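Since the model is a prediction, treat every value here as computed from it, not as a measurement.
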Amino acid sequence: MASFGSLSSLFRSTLQNPWWIVNPARSKNYLNRPRLRNPVWFVKKTRTLHDEQFTQENSAFLGEVRRETVQAAADRNQANLLQLRTGGEEAGPVAEWAPGLKRTGVIAKKIGQYPLWTRNGTKIRTTLLQIVENEVVKYIPPEEYRPAQEPRQRRNWRRPYGCLLVGAENGDPSLFTKEYAGLFQHTGVLPKQHLCRFLVSPEAQLPPGTALTVDHFRVGDYVDVRGKTVDRGFQGVVKRHGFKGMPKTHGVTKTHRRPGNIGAGGQKARVWPGTKMPGHMGNRWRVLRGLQVLRINRQYNVMWVRSSNIAGSTNGLVYVYDTVLPLRKHGAKRGPSGQPPFPTALSPPAPTEEAEVWHDQLHDFRRLSISFGSGD
């Protein structure tokens with residue numbers, strides 16, 4: 001039987017080197033490992049299609065019932081949204097924006113790159129992001145969302161965040177499973193192909209069915225864009241890390257694109273964590289922060305963001321939200337002037353407003369840059 005002194009020394013050594021603290025390098029490599037399969041508790045989205053042998057009349061009848069059901073729920077959501085705009089008694093007064101409040105983000109589609117020019121002729125590379133049929137699906141208050149986000153909420157325990165579920169791109173309800181379509185049963189919107197959760201302040205909550213358009217952002221605002229890089233599969237060190245490789249002549253044999261010595265000898269006698277070696281390339285989430293919105297188009301819900309290296313392929317999805325950089329976010333000294341639409345742009349744009357808005361420093365090609373007088 002161990003003595004009391006040995007037990008106390010064991011307890012002290014455990015506190016000094018606790019077993020529950022994981023090596024940061026190992027934990028980082030583990031967390032960056034790509035997830036190629038969804039967890040088992042994910043709701044299956046698409047179903048197996050079978051030939052139901054419906055007649056043309058039955059298919060038309062089912063489509064009509066589906067449209068009537070969705071339209072009835074949409075009318076209820078429009079009534080709730082109207083109360084939110086007018087500040088009705090049931091909806092309560094609309095909260096005003098204040099520094100520190102967190103708005104929702106949007107789901108956008110990366111549709112390509114396009115150059116813009118400033119007034120002095122400087123070329124700027126931008127990326128076009130299109131907000132496709134974004135609607136609010138559900139709001140989860142902080143008291144219900146906090147148990148699932150306990151570590152994250154400790155940093156903001158005085159004013160905990162809620163969760164806003166946003167969907168993008170309408171889909172055919174007959175192509176989804178019953179469990180997945182049940183998420184949209186009481187929302188008044190068609191089942192969405194893509195879903196995303198955004199942490200928001202309780203003052204920034206929105207009723208289900210609220211549409212999110214490009215007017216959620218303004219020209220000159222700074223945003224953060226989160227996307228998943230292109231999946232390249234298993235690649236070598238030349239393509240994955242940009243190694244130069246060995247010469248192709250002068251006696252080099254079968255080591256033209258190999259990594260060579262990894263420097264694991266000597267006293268180390270092991271492979272250090274973080275060594276650049278062949279492995280899976282891409283399929284990682286990457287965030288670009290502090291990107292400026294230079295131009296928006298209300299007709300097609302497109303905005304031009306100043307960047308050319310946003311993660312993802314063409315027609316891939318990205319998540320856009322207000323930046324968290326302290327010098328560029330709303331309310332900062334170097335940030336955009338004025339208050340953002342809070343909680344979002346509830347009212348549609350006036351007919352007198354232009355469908356396309358440019359930044360003041362950009363050259364608008366719709367206007368003449370050189371004018372000639374009558375005496376010239």
Side-chain angles (χ1 to χ4, degrees), residues 77-78 81 84-85 97 102-116 124-137 164-170 189-190 192-196 198 200 204 206-207 209-227 288-308 310 312 314-323 328-330 335-362 364-366:
N77 291 332
Q78 288 296 331
L81 184 59
L84 182 62
R85 292 175 183 172
W97 180 85
K102 195 178 186 66
R103 300 192 306 163
T104 181
V106 297
I107 305 175
K109 180 183 292 186
K110 178 182 173 183
I111 60 177
Q113 298 186 16
Y114 193 81
L116 295 176
I124 300 176
R125 301 178 66 177
T126 62
T127 302
L128 281 75
L129 303 178
Q130 184 180 18
I131 304 174
V132 184
E133 297 174 344
N134 276 220
E135 291 179 328
V136 177
V137 178
L164 205 64
L165 184 63
V166 179
E169 280 196 86
N170 295 329
V189 298
L190 288 172
K192 300 291 185 177
Q193 298 183 16
H194 312 286
L195 295 176
C196 181
F198 293 100
V200 297
L206 293 169
T210 305
L212 302 175
T213 61
V214 74
D215 288 325
H216 186 73
F217 303 102
R218 301 172 307 169
V219 171
D221 291 352
Y222 293 92
V223 296
D224 295 345
V225 182
R226 181 174 184 261
L288 288 183
R289 303 194 184 279
L291 308 182
Q292 191 177 22
V293 179
L294 298 178
R295 177 181 168 188
I296 63 173
N297 185 293
R298 294 191 176 98
Q299 181 179 1
Y300 299 101
N301 271 338
V302 177
M303 59 181 178
W304 282 252
V305 178
R306 184 170 185 170
S307 176
S308 62
I310 294 177
T314 304
N315 294 327
L317 293 180
V318 295
Y319 305 137
V320 188
Y321 47 89
D322 295 334
T323 183
R328 294 188 177 183
K329 63 182 180 180
H330 293 288
S337 59
Q339 298 182 359
F342 188 82
T344 186
L346 300 176
S347 302
T352 56
E353 295 185 5
E354 297 183 359
E356 204 163 309
V357 184
W358 297 59
H359 196 273
D360 296 335
Q361 298 179 357
L362 294 179
D364 190 351
F365 286 93
R366 299 175 301 177

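Looking only at distances, a side-chain donor or acceptor of Lys110 sits under 3.5 Å from a matching main-chain atom of Gly312. Proximity of a side-chain donor or acceptor of Thr314 to a complementary backbone N or O of Gly112 within less than 3.5 Å is not detected. Between the side chain of Asp224 and the backbone N or O of Tyr321 there is no donor-acceptor pair closer than 3.5 Å. A donor-acceptor distance shorter than 3.5 angstrom exists from the side chain of Asn134 to the backbone of Ile107, with no hydrogens or angles considered. Checked by atom type and distance alone, the side chain of Asp221 never pairs as donor or acceptor with a backbone atom of Val219 at under 3.5 Å. Side-chain atoms of Arg103 come within 3.5 Å of backbone N or O of Pro341 as a donor-acceptor pair. Panel note: side chain Arg328, backbone Gly290; a donor-acceptor pair is recorded below 3.5 Å. A donor-acceptor pair is defined here as one N or O able to donate and one able to accept, closer than 3.5 Å; no such pair exists between the side chain of Glu169 and the backbone of His194.
Across all their heavy atoms, Gly220 and Pro336 have their closest contact at O-CB, 3.8 Å. Listed here is the closest heavy atom pair of Val137 and Gly167: CG2-N, 3.8 Å. Shown here for Ser307 and Leu288, the closest heavy-atom pair between the two residues is OG-CD1, 3.6 Å. Between Arg218 and Gln339, the shortest heavy-atom distance links the atoms NH1-O, 3.1 Å. Here the closest heavy-atom approach between residue Leu195 and residue Tyr319 is recorded as O-OH, 4.1 Å.
Note that the CG atom of Leu212 and the CZ atom of Phe217 stand 9.0 Å from one another [nearest 0.5 Å]. Interatomic distance, Lys109 NZ to Asn301 CG, rounded to the nearest 0.5 Å: 12.5 Å. In this structure, Leu116 CG and Asp364 CG are separated by 10.0 Å, a value rounded to the nearest 0.5 Å. Annotation: the span from Arg295 atom CZ to Ile124 atom CD1 amounts to 12.5 Å, rounded to 0.5 Å. The CG atom of Leu129 sits 11.0 Å away from the CG atom of Leu317 when rounded to the nearest 0.5 Å. The structure places CG of Asp215 at 9.0 Å from CD1 of Ile131, a figure rounded to the nearest 0.5 Å.
Between Trp304 and Leu128 the shortest side-chain heavy-atom distance falls below 4.5 Å. Using a 4.5 Å heavy-atom threshold, the side chains of Leu291 and Ile310 count as touching. Annotation: side chain of His359 is not in contact with side chain of Arg306 (no heavy-atom distance under 4.5 Å).
A salt bridge is defined here as a Lys NZ or Arg NE, NH1 or NH2 lying under 4.0 Å from an Asp or Glu carboxylate O, and Asp322 with Lys329 fails to meet this definition.
Around CZ of Arg298, the count of heavy atoms belonging to other residues, nucleotides or ligands within 6.0 Å exceeds 12. Atom CZ of Arg289 is surrounded by more than 12 heavy atoms from other residues, nucleotides or ligands within 6.0 Å.
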Practice problem: Begin with the C-alpha distance, continue with both residues' side-chain angles, and end with the deciding distance and a verdict on side-chain hydrogen bond (donor to acceptor under 3.5 Å, both in side chains) for Lys192 and Asn170. | Solution: CA-CA 5 Å; Lys192 300 291 185 177; Asn170 295 329; 2.4 Å; yes
Self-check item: Asn297 and Glu356: CA distance, side-chain angles, deciding distance, side-chain hydrogen bond (donor to acceptor under 3.5 Å, both in side chains) verdict
Solution: CA-CA 4 Å; Asn297 185 293; Glu356 204 163 309; 2.8 Å; yes
Quiz prompt | Steps toward side chain to side chain contact (heavy atoms under 4.5 Å, CB included) verdict (Thr104, His216) | solution = CA-CA 9 Å; Thr104 181; His216 186 73; 3.9 Å; yes
